[in-house]
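See below for the structure under consideration.
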Amino acid sequence: MTSADTIFALSSGAPPAAIAIMRISGPAAFDILRGLSGRLPPSRRASLCSLRSPETQEILDQALVLVFPGPDTATGEDLVELHLHGGRAVVRAVENAITHFPGVRRAEAGEFTRRAFTNGRMDLNEAEGLADLLSAETEWQRRAATQMFGGAFSAAVEEYRQEVLRLSALTEAELDFSDEGDVESQNNILISDVCTILQQKIAQLLASPPAEKLKDGIRVVLAGPPNSGKSTLLNALVGREAAIVSDIAGTTRDMIEVPVAVEGVALLFTDTAGLRDDSDDAIERIGIDRSHAAMQQADILLWLGPENTGPKHSQLIEILSKNDIPDYTAKSPRAISVSAQTGAGISALLQLVSARAKTLLPPPDQFAINARQRTFLADAANALAACSETADWLIIAENLRQARRALDSLTGRAHTEDLLDTVFGKFCVGK
């Protein structure tokens, strides 16, 4: 695989479809189009072309064609889009025709976006934002991904990087002219103050909820003793029969996870085995142990046990799950009264869970930072903190270099092939 290759792939959904978009990117893209259509249409204008087999001259399709000369394209290279009729046979025939041209091959997963990164059309953060945008299933995910893809996070990182470069220049000047004591003292204070400010800004980013909460969903765990109505409530909350419901204690023996979206927020509802201490069933005991583990990992805990007996949890919601039973009323003002049988209170409970979940997510108008980005941000913050702890200019220079390297790793200025393979491997073929 080299950047000198011309690549092609279907960029729209799998056929059959109304339209199938075939992308061709690379140095031979325009020659391939000439070979298929006999001409090169005007740039950046949709043109109707007859595409022919380069071997038999048989017409393969009547297609709308778009020509984009590089480097001002999505990939930074010459780029062609063929808007075909979306039948399987049409797509297959055009693909086979393209393979007959020299220097062309099928694109690998994420290769179009990787070329955009290599050619400076986007940085690594924007590429990750694009991947998140393509996989977004909720409105909250879409908005956060749009911020990342739009460059909001990269702009902040570049601001930090420019400040570190300025401090590095001051440090290098001190190393060259270290005999001027007054200047050294002033610059030392300046560098220390600026490093502290930058460290605090990065600390604010690191304190924000992680992107993984957006992708994986807020984990909402239903817990309580056997026959407290957990499985019935789960089915009512997710709107389908996801869990088996029975009056027999111990029916739920393992966790049941059901992802849903509520008010644009991804939630992962988890039903657990009923909690009791007197079970002599080894399998049920394993389920109970897993229930305790799930409760500890819960972002929001719905407790269906006796009132005021729920475990300590920052997002505990006590549930009275059988308000349709006479004389079964809540004594605690904190308990939410619902009935999975009649549907009473279910909508209000979902709204409460959604409201709690939103407090655990990044604000919808801000980007969300993933694990890779957090690692490099933490490295930069640690290096900046170390600058304030010494007066040795050589040590300051080295720490500023480490901070700069961490920031460069965030945007992809410094990278390894393994890292790029991991990032761009998340994309589908054709993107």
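Here the structure is a predicted model, which means the values were calculated and not measured.
- Looking only at side-chain heavy atoms (C-beta outward), L237 and V258 stay at 4.5 Å or farther from each other.
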Please walk me through it: do V353 and V262 pass side chain to side chain contact (heavy atoms under 4.5 Å, CB included)? CA-CA 9 Å; V353 170; V262 177; over 6 Å; no
Can you give me every donor-acceptor pair (side chain of residues 375-391, partner residue at least two apart or in another chain, under 3.5 Å) with its distance?
| from | atom 1 | to | atom 2 | distance (Å) |
| --- | --- | --- | --- | --- |
| T375 | OG1 | A371 | O | 3.0 |
| N382 | ND2 | A378 | O | 3.2 |
| S388 | OG | S192 | O | 3.4 |
| T390 | OG1 | D392 | N | 3.0 |

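- Under the 4.5 Å side-chain criterion, counting only non-hydrogen atoms from C-beta, P41 is in contact with L33.
- Atoms CD and CG, from E81 and L66 in turn, are 5.5 Å apart once rounded to the nearest 0.5 Å.
- A donor and an acceptor atom, one from each side chain of Q200 and Q204, are nowhere located under 3.5 Å apart.
- Here the straight-line distance linking atom CG of L84 with atom CG of L10 works out to 8.0 Å at 0.5 Å rounding.
- Side-chain polar atoms of Q141 and E137 form no donor-acceptor pair below 3.5 angstrom.
- Look at D132 and K215 and you find a salt bridge, because one of the NZ, NE, NH1 or NH2 atoms lies within 4.0 Å of a carboxylate O, short of that distance.
- Counting heavy atoms from C-beta outward, C49 and R39 have side chains that approach closer than 4.5 Å.
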Test side chain to side chain contact (heavy atoms under 4.5 Å, CB included) applied to L124 and R413, step by step: CA-CA 9 Å; L124 208 52; R413 283 189 175 91; over 6 Å; no
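- Using a cutoff of 4.0 Å between basic side-chain nitrogens and carboxylate oxygens, E158 and R161 are scored as salt-bridged.
- Note on R121 versus E126: no salt bridge recorded, every NZ/NE/NH1/NH2 to OD/OE distance being 4.0 Å or above.
- The 12-atom threshold is not exceeded at NE2 of H85, counting heavy atoms of other residues, nucleotides or ligands nearer than 6.0 Å.
- Looking at every heavy atom in both residues, R106 comes nearest to T99 through NH2-CG2, 4.4 Å.
- The nearest pair of heavy atoms linking L79 to F30 is O-CE2, 3.9 Å.
- A donor-acceptor contact closer than 3.5 angstrom is absent between the side chains of S154 and T411.
- In terms of heavy-atom proximity, E212 sits nearest to I369 at OE1-O, 4.2 Å.
- Between the side chains of Q373 and E128, a donor-acceptor pair is found at a separation under 3.5 Å.
- L222 CG to T272 OG1: the interatomic distance, rounded to the nearest 0.5 Å, is 7.0 Å.
- Among K358, R219, K213, the one residue that satisfies the salt bridge (charged side-chain N to carboxylate O under 4.0 Å, His left out) test with D299 is K213.
- Ion pairing between D31 and R34 holds under the 4.0 Å rule for side-chain N and carboxylate O.
- Within the model, atoms CG of L316 and CD1 of I300 stand 11.0 Å from one another, a figure rounded to the nearest 0.5 Å.
- Using a cutoff of 4.0 Å between basic side-chain nitrogens and carboxylate oxygens, R52 and E58 are not scored as salt-bridged.
- Here the straight-line distance linking atom CG of L64 with atom CG of L82 works out to 10.5 Å at 0.5 Å rounding.
- At a threshold of 4.5 Å between non-hydrogen side-chain atoms, the residues S43 and P69 count as touching.
- You'll find the side chain of L302 reaches within 4.5 Å of the side chain of V220, heavy atoms only.
- The salt bridge (Lys or Arg N to Asp or Glu O under 4.0 Å) test applied to D123 returns no partner, not counting sequence neighbours.
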How far apart are the C-alpha atoms of E77 and I24, what are their side-chain angles, what is the distance that settles it, and do they pass the side chain to side chain contact (heavy atoms under 4.5 Å, CB included) test? CA-CA 10 Å; E77 304 172 325; I24 309 170; over 6 Å; no
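- Minimum interatomic distance between A397 and E172 (heavy atoms only, all atoms of both residues): CB-OE2, 4.2 Å.
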Between L410 and L407, is a side chain to side chain contact (heavy atoms under 4.5 Å, CB included) present by the stated rule, with each step listed? CA-CA 5 Å; L410 275 170; L407 296 174; 4.0 Å; yes
Using salt bridge (charged side-chain N to carboxylate O under 4.0 Å, His left out), reason through R92 and E95 one step at a time and then give a plain yes or no. CA-CA 5 Å; R92 185 164 54 246; E95 286 179 331; over 6 Å; no
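- By the 6.0 Å contact criterion, CZ on R356 is enclosed, its count of non-hydrogen atoms from other residues, nucleotides or ligands being greater than 12.
- Side chain to side chain, R404 and N399 fail the donor-acceptor criterion of an N or O pair below 3.5 Å.
- Closest non-hydrogen pair, A93 versus L60, comes out as O-CD1, 3.9 Å.
- In this structure, the separation between OG on S50 and CD on Q57 is 11.0 Å, given to the nearest 0.5 Å.
- E111 and R114 are not joined by a salt bridge, as no carboxylate oxygen comes within less than 4.0 angstrom of a charged side-chain nitrogen.
- F112 carries R23 over the face of its six-membered ring, with the cationic atom under 6.0 Å from the centre and within 45° of the normal.
- Ion pair R105/D5 flagged as a salt bridge, since at least one NZ, NE, NH1 or NH2 atom sits closer than 4.0 Å to an Asp/Glu carboxylate oxygen.
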